[in-house]
Amino acid sequence: MSGSILITGGTVIDGTGSPARADEAVLLRDGRITALGRQAVDDAEVHGVDERIDATGRTVMPGLIDAHTHLTFGEPTGNDELFNHRTEAYSSMLSAYNARKVLRAGVTSVLDADCLWNIGCELRDAIEAGIVEGPRMRAGGQALMTMLGGTAGRMIKDEGRTGYATVVTGRDVMVNEIRRQIKYGVDWIKIMVTGLIPSMKGPEVKVWNIDELRTVCDTAHELNTKVVAHCRNSESTRDAARAGVDLIYHASYLDDEAIEAVIETGAAMCPTFTLLGNLADYGEKVGTAPELLDVFRAEIEVTAKQLTKAHAAGVKFLTGSETGFAVTPVGEWHARELEMFVDYMGMSPMEAIVAATKNGAFAMRMEDDLGTLEHGRVADVLVIDGDPLADVRILQQKDKIAEVIKAGKRIDLTTPIPEHKQRTSDQVRFLAACPLTRSLAFTEEQLERMSHV
Ligand SMILES: [Zn+2]
């Protein structure tokens, strides 16, 4: 029971895509939206309310849904740090700290599709139990990879689990790993359909064949679990869609054949331009090679141009930020994807808001229950000091977020969250400074001596 709140005077953007309505009341009772407009005011008059919020001059809209986060990663600057310098218990505590920041940024729901160990499910449950304050979560486990790995090259072991990855070799291992993850509570299975092969020195290549992808989708679907795929080239998007993947991340450089597959199968899309956009704009600050910055920008432009066709054909688009890396720190960039959709895909601010609210409910597997301000829906509500339809970037300004309400409960936005330092042992640069990690050439004399041993 979370009591009742009457919000009056605000302009309501309900998340369905219908036009904004000025001076409309919204009534929240016991975690749900129970009335709108005149009916809300009348109900409050008759039955009373615990709290009232005057939203005059402000916008009232659904809480944002970020369909691509990594709350357990600890903002690494690279794969070495992420795979070799994290411990399970510390990462759990850090992700609980992170969850609060996400909620305060106006994000009331997230899909955290792959995580270190099984922290995602545990964090989701801790939030649901009221132990940790954070957004509503849907979680995956360790991302499924073939022996070719994902984006971390040879840091991924040939089998078993490393960091956020689990290598599945052969059909039986695949099926069993999916069953194991479901046993421990995942909502989604994540697969890395493309990976970087060091010897090929090029962009990511498809590392699964379609039969393997079908095995993953069929096994997960039989157990009422959805599949999300990381696809950084055209063939991977095409095959993922054909195999029955439910949600596709990135979909980079997709060609017309891949778009056809997406449109035909109805796979939802979460391109996650924010990570690439931040890398292009600020990558130098986290050590990204300067020659890569234009590559990232080109990937956004080429991909967005193609995805515009899928959007026009009615494919469902979700917003995702890939929050959790050094270039996408927690609580900061969740709403940039709306700006990217407007700038690169030609969406109207209203369409971008629908992507970030109503469509996001798909990632939460709550399509009939979440993401819009309609009678009976879960009461996840933001009050914004300004008009996101005039400039959608306003949602990125935390000082414009006047209220965050999750399941009918107002979130404290004023008590400061203490700043945190990065633990020294989690930093690669600490280890790089250690003399043992520097290359030490043997002298001629030493080599001579060793050759006689
Ligand atoms: Zn990701």
Side-chain angles (χ1 to χ4, degrees), residues 65-79 81-83 86 91 95 98 102 107 109-121 123 135 137-145 149-153 155-156 162-166 181 186-196 203-204 207-208 226-233 236-237 240 245-252 267-280 283 286 288 296 299-300 303 317-334 336-337 340 360 363-364:
I65 300 175
D66 189 336
H68 193 167
T69 64
H70 297 292
L71 301 187
T72 66
F73 283 11
E75 300 168 5
T77 53
N79 279 316
E81 194 173 309
L82 178 57
F83 281 94
R86 293 287 182 268
S91 296
S95 63
N98 284 339
V102 174
V107 178
S109 298
V110 300
L111 167 58
D112 203 82
D114 53 329
C115 61
L116 297 178
W117 299 285
N118 194 43
I119 296 172
C121 290
L123 180 64
M137 266 181 84
R138 291 293 174 263
Q142 285 159 300
L144 270 55
M145 298 185 188
T151 54
M155 274 182 224
I156 308 292
T162 326
Y164 68 77
T166 180
Q181 292 198 6
V186 300
D187 305 293
W188 285 80
I189 297 291
K190 166 96 180 267
I191 46 176
M192 302 288 283
V193 187
T194 54
L196 284 169
E204 289 180 39
V207 293
W208 291 70
K226 291 198 180 290
V227 178
V228 52
H230 164 107
C231 299
R232 287 285 292 281
N233 71 11
S236 59
T237 300
V245 162
D246 303 280
L247 176 62
I248 294 175
Y249 285 160
H250 308 300
S252 311
M269 308 300 280
C270 180
T272 318
F273 294 129
T274 295
L275 179 82
L276 294 169
N278 279 13
L279 281 168
V286 293
T288 307
F296 293 131
E299 181 173 339
I300 302 173
T303 306
F317 277 76
L318 283 68
T319 54
S321 64
E322 196 118 45
T323 279
F325 291 95
V327 76
T328 47
V330 175
E332 302 295 331
W333 296 100
H334 304 278
R336 187 177 185 193
E337 194 74 358
M340 303 296 278
M364 303 305 292

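In this text, all values refer to a predicted model and were calculated from it rather than measured experimentally. Counting convention: from 1, in listed order, for ligands and their atoms alike. We count residues from 1, following the sequence as given.
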Exercise for the section: Apply the test side chain to side chain contact (heavy atoms under 4.5 Å, CB included) to residues Lys190 and Gln181: give CA-CA distance (whole Å), side-chain angles for both, the deciding distance (0.1 Å), then the verdict. Expected result: CA-CA 10 Å; Lys190 166 96 180 267; Gln181 292 198 6; over 6 Å; no
Exercise for the section: Tell me, please, which residues at least two apart from Tyr249 pass ring pair (Phe, Tyr, Trp, His ring centres under 6.0 Å). Expected result: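 Once residues adjacent in sequence are excluded, the partners of Tyr249 under the ring pair (Phe, Tyr, Trp, His ring centres under 6.0 Å) criterion are His68.
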Exercise for the section: Could you please spell out the steps behind the side chain to side chain contact (heavy atoms under 4.5 Å, CB included) verdict for His230 and Thr151? Expected result: CA-CA 10 Å; His230 164 107; Thr151 54; 3.8 Å; yes
Handout entry: Geometric class of the Tyr164/Phe73 ring pair [parallel <30°, tilted 30-60°, perpendicular >60°]
Key =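 Phe73 and Tyr164: parallel rings.
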Practice task
Begin with the C-alpha distance, continue with both residues' side-chain angles, and end with the deciding distance and a verdict on side chain to side chain contact (heavy atoms under 4.5 Å, CB included) for His334 and Thr323.
Solution key: CA-CA 7 Å; His334 304 278; Thr323 279; 3.3 Å; yes
Exercise for the section: With the Zn ion (ligand 1) as the centre, enumerate protein N/O/S atoms below 2.8 Å in chain and residue order. Expected result: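 Result, waters dropped: His68 NE2, His70 NE2, Glu322 OE2.
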Exercise for the section: Decide whether Glu337 and Ser321 meet the rule of one side-chain donor and one side-chain acceptor closer than 3.5 Å. Expected result: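 Distance-only check fails for Glu337 and Ser321.
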